[in-house]
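Note sheet for the following structure.
For the numbers below, each heavy atom of this structure counts, side chains included, while hydrogens, waters and symmetry mates do not. In what follows, chains are A, B, ... by sequence order, proteins preceding strands, each numbered from 1.
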Amino acid sequence: MQYWLIKSEPFKYSWDQFVADKRTFWDGVRNYQARNNLMQMAKGDFCIFYHSNEGKEAVGIAKVVKTHYPDPTAVDEPGDWVVVDVSPEQKLKRPVSLAEMKADPRLSQMGLIRQSRLSVVALTKVEFDIIVAHSEG
DNA sequence: GCCAACGTTGGC
DNA sequence: GCCAACGTTGGC
C-alpha cells in the first residue's frame, strides 16, 4: 500500500466535479517523474486530492481503482503517457491548507513542499496520516 | 503579474 | 554530452 498526492487546478477539475463523476481517469500528466509515479500506483492506494493555484489546500481522499494504462488524451503526442482511474473515497472534514502543511515540521520533507511543481508526488504513510489528522483537528 | 524552481530543447 | 535559452508550473 502506497500513498500519493495528486494536484488539480479546481478550475480544470475540482473535487466537487470528481464527486459528481464518481470516477475519473487522471489525465494530462506530461512530466516523466509524475508519470513514473502514476505507473507505480497500485489498486487500492490512497491519494490526497489537492487543489493547486486556487485554494491551495488538500480537500479529499481518492482511491486508485485501476492501475495505469495509456492516456487516451495523448494518443497523438510523442511519449508513452499514462493515466490511472481514481474514485473519491472521502472528503476531508475540513480542507488542509498549504500554509498549514508548511507550518508542520513533520511535513517539511514531503514532496509537495520539496518539489512544488510535480503534479503527482509520493507521500509516506506518516505524512498521509498527519494530513488527515490536520483535517480532523 | 512577478518570480523561483525545474524540465526540456537545441546549438555546438 | 554540455550548457544556455526558453517554457511551464505554482506560490506569493
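Rounded to an integer number of Å, the gap from CG of Leu112(A) to C1' of dG10(C) is 10 Å. When the P atom of dC3(B) is taken as reference, atom CZ of Arg117(A) falls 17 Å away, rounded to whole Å. Between the CZ atom of Arg30(A) and the P atom of dT9(C) there is a distance of 11 Å, rounded to whole Å. In this structure, Glu54(A) places its CD atom 14 Å from P of dC12(C), rounding to the nearest Å. Nucleotide dA4(B) holds its C1' atom 13 Å from the CD atom of Gln115(A), rounded to whole Å. At whole-Å resolution of the value, CH2 in Trp81(A) and C1' in dT8(B) are 11 Å apart. Taking atom CG on Asn53(A) and atom C1' on dT9(C), their separation rounds to 8 Å, with Å as the unit. Atom-to-atom, CD of Glu9(A) to P of dG11(C) comes out at 9 Å; the value is rounded to the nearest Å.
For Trp81(A) and Tyr32(A), the ring centers sit closer than 6.0 Å to each other. The distance between the ring centers of Tyr50(A) and Trp4(A) does not fall below 6.0 angstrom.
For Tyr50(A), a side-chain nitrogen or oxygen approaches OP1 or OP2 of dG11(C) to under 4.0 Å. Phosphate contact (OP1/OP2 of dC6(B), side-chain N/O of Gln33(A), threshold under 4.0 Å): absent. Phosphate proximity of dC12(C) to Lys102(A): present, with a side-chain N or O under 4.0 Å from OP1 or OP2. For Lys56(A) and dG10(C), the shortest distance from a side-chain N or O to OP1 or OP2 is not below 4.0 Å.
Using a 4.0 Å heavy-atom distance criterion, Leu98(A) is classed as a sugar-phosphate-only contact.
Using a cut-off of 4.0 Å between Lys/Arg side-chain N and Asp/Glu carboxylate O, Asp85(A) and Arg23(A) are scored as salt-bridged.
Other residues, nucleotides and ligands contribute only 12 or fewer heavy atoms inside 6.0 Å of the CZ atom of Phe11(A).
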